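Shown next, in structure tokens, is the structure this report addresses.
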Amino acid sequence: MQILKAVVQPLISQALSTMGVENLPLDKMLQPSRELDQGDLALPCFPFSKRLGMPPNDIAEALAKHVAEHPAIGEVNGVNGYLNIRANPQWLVEQLMAIGVQGGDSKKNRAVLIEHTSANPNGPFHVGRARNAILGDTLVRLHRLYGNDVTAEYYVDDMGKQVAVLAWALEHLSEEDVAAQLEGKEPANPVWKGKADHERVRWYQAAQALRQDSENSKEIEEKIGTMVHASEHGDEHVLASFESAYQPVLDGMLTTLGRLGINFDRFTKESIFVTNGDVGRLMERLGTLEINGEADNGAQFLDLGARGLKGKTEFFYRRGDGSSLYATRDIAYHMWKWTMEGDLINVLGEDHKLQAKQVGMTLEELGHKRPEVVFYSFIKLPEGKMSTRRGNVVFMDDLLEEAKEQAAVVVRELRPQYDEEKIATIAEAVGTSAVRFNIIKVSPEKGFTFRWEDALTFEAGSAPFIMYSHTRACSIRRRIESDVGPIDTLLEHGVQSPVDLPDSLVTLLRILSIHHDCLEKAVNDHRPHLFAEHMLRLANSYNAFLNECYILSDGEVNQFYLWISETARSVMHAGMEGLGLVALDEM
RNA sequence: GGGCGUGUAGCACAGCUGGAUAAUGCACCGGCCUCCUAAGCCGGAGAUCGCGGGUUCGAAUCCUGCCACGCCCGCCA
């Protein structure tokens, strides 16, 4: 609890010096309590026990007596060698009224460029790919909530083998060819007929099969190789044919993401850095570096082992034929990104760790900073790794449909009075939010196994749980507006906090008071799951508050309770926005 | 073989810049709807924190060895 710490730390420092202890790293030692019932802040007294020649518990107790009184402090005590400080609830109320939940100074406002998703535009999103998009978009939203100026960017891989295969297939294969080639495999889902990502991926798959084994495979490979080569040398005709092949696929993928509330500010094509000469100039420059090396056929690499890289130390950036590699273009892309104000954050799968390291080291070698990278582990199915080729995939589109359907079943059962249109609206919001939350609530480095029953859980610990708390706050608001009068009028003259506050209200107050701390940590450490967890606690404490404190009883409004409820409602609303959950008024 | 990551109740997961009784959800047991949405609230039971050593007043957290799983080690993207 930063607002309390700011007040209390100097007081403790004083108390310590009267006891003869100076120069402690108090800022680091004074930490948020582990458990709510211990207090709000705790100072372990073990480290200076020797210096004082006293047992930690005696120090804690003595310290508790020496800390000066302050309106912010509700209770100070020494237990088990810890000095525990509990905030005065009345003071917390005053702070909330005065400065809101922002906790004081959040004038960060840095410019941040977040690159995420950037999936090859060759087929529909599956759940495995979606972790990147959901993680990336949540980072974007949380940075914005925090007050940063964010650009969300999709780096479009518009050259190279994958798009080349797609372009070749669309040019050379008829619908019949594709159908014949994919016979025996799972047929296209008719639900997605007309959605280019689902349709064109079949051409891609057919081409992949033909490349693998057919009498023409050698010929096909040569043709594709020529196209790739041309694209890597910036051949505009070939690049244009690639674009007309992948753009509808990309549009389909973006439709899926849009349904999850994921949008981008900018799309940057990889090929730009080839056609504008950046990549050529970069390779020239890399060639002059002292760690540059050259293979027999003229291919060039950097010896990153000389800079401490372990394992494979040669980092190739130029092929024997003079063309660039993906990583080379990535470096040019990053140099371009660094020409803009602000920090860079990339969201990448764990398979890109080595590559990211190579790119980062090369950037440093060139005098640039490394971008910050958030890595995530892959999502797999209980049957194993997701693979389009083996038909072992869950498409995002199918998951979202299923989630909506399951949510609709629940809504119909719980709210028989709602009409189908309303049910559909709620089900869509609940379904998509649940899917996002299910993925964002676990830390990125943890391996994730996708299970339908987890993704479609709507109980405590899920997005709908948070959404539900918010709708209850909205519901109360509506009730009061219709039965009593406008909320603004009710609260316009300020509210008086009662002397005795119910436990559940105090808990809610304390959770609200650390809201900003949690957001800050989630943003700065790139750990959105921490904020997701905090939102669950907030929703839980709001529910408990509602259960205990009747805002409206016998036609009388308790103004203070109403004020707390309204504060929580707006905080929940903003927090949900930050997680990409749809904040419904009714559900 | 080398590099990186993960291993915490039956299941899932938080805590990992060292600190108290290891948090939360599901499942399990028991309470709570004449009152603002019970998708809820309250309580209970359930954990040798992968295994062994070490550092420390104190280790899930740091070091080290081992085991299991994942990812990477292309002049692919």
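Everything quoted here is computed from the prediction, not taken from an experiment. Residue numbers start from 1 in every chain, and the chains themselves are labelled A, B, ... in the order their sequence lines are given, proteins ahead of strands.
- Between A:Glu481 and A:Arg478 there is no salt bridge, since no side-chain nitrogen of the basic residue lies less than 4.0 Å from a carboxylate oxygen of the acidic one.
- No N or O donor and acceptor, one from the side chain of A:Asn547 and one from the base of B:C42, sit under 3.5 Å apart.
- Rounded to whole Å, atom C1' of B:A38 lies 14 Å from atom CD1 of A:Ile476.
- Under the 6.0 Å cut-off for aromatic ring centres, A:Phe315 and A:Phe301 do not qualify, their centroids lying 6.0 Å or more apart.
- Taking atom CZ of residue A:Arg527 and atom P of nucleotide B:G15, one finds them 5 Å apart after rounding to whole Å.
- Residues A:Tyr155 and A:Tyr333 place their aromatic rings such that the two centres sit under 6.0 Å apart.
- Both the sub-6.0 Å distance and the 45° axial angle are not jointly satisfied by A:Lys441 relative to the ring of A:Phe437.
- For B:G3 and B:C41, the C1' atoms lie 50 Å apart once the distance is rounded to whole Å.
- Nucleotide B:U61 forms a pair with no other nucleotide shown, judged by Watson-Crick or G-U wobble geometry with both contacts under 3.5 Å.
- Using Watson-Crick or G-U wobble geometry with both donor-acceptor distances under 3.5 Å, B:G5 finds its partner in B:C69.
- Between the P atom of B:G25 and the OH atom of A:Tyr468 lies a distance of 16 Å, rounded to the nearest Å.
- A:Phe437 has its CZ atom 16 Å from the P atom of B:U24, to the nearest Å.
- B:C11 atom C1' lies 14 Å from atom CZ of A:Phe448, rounded to whole Å.
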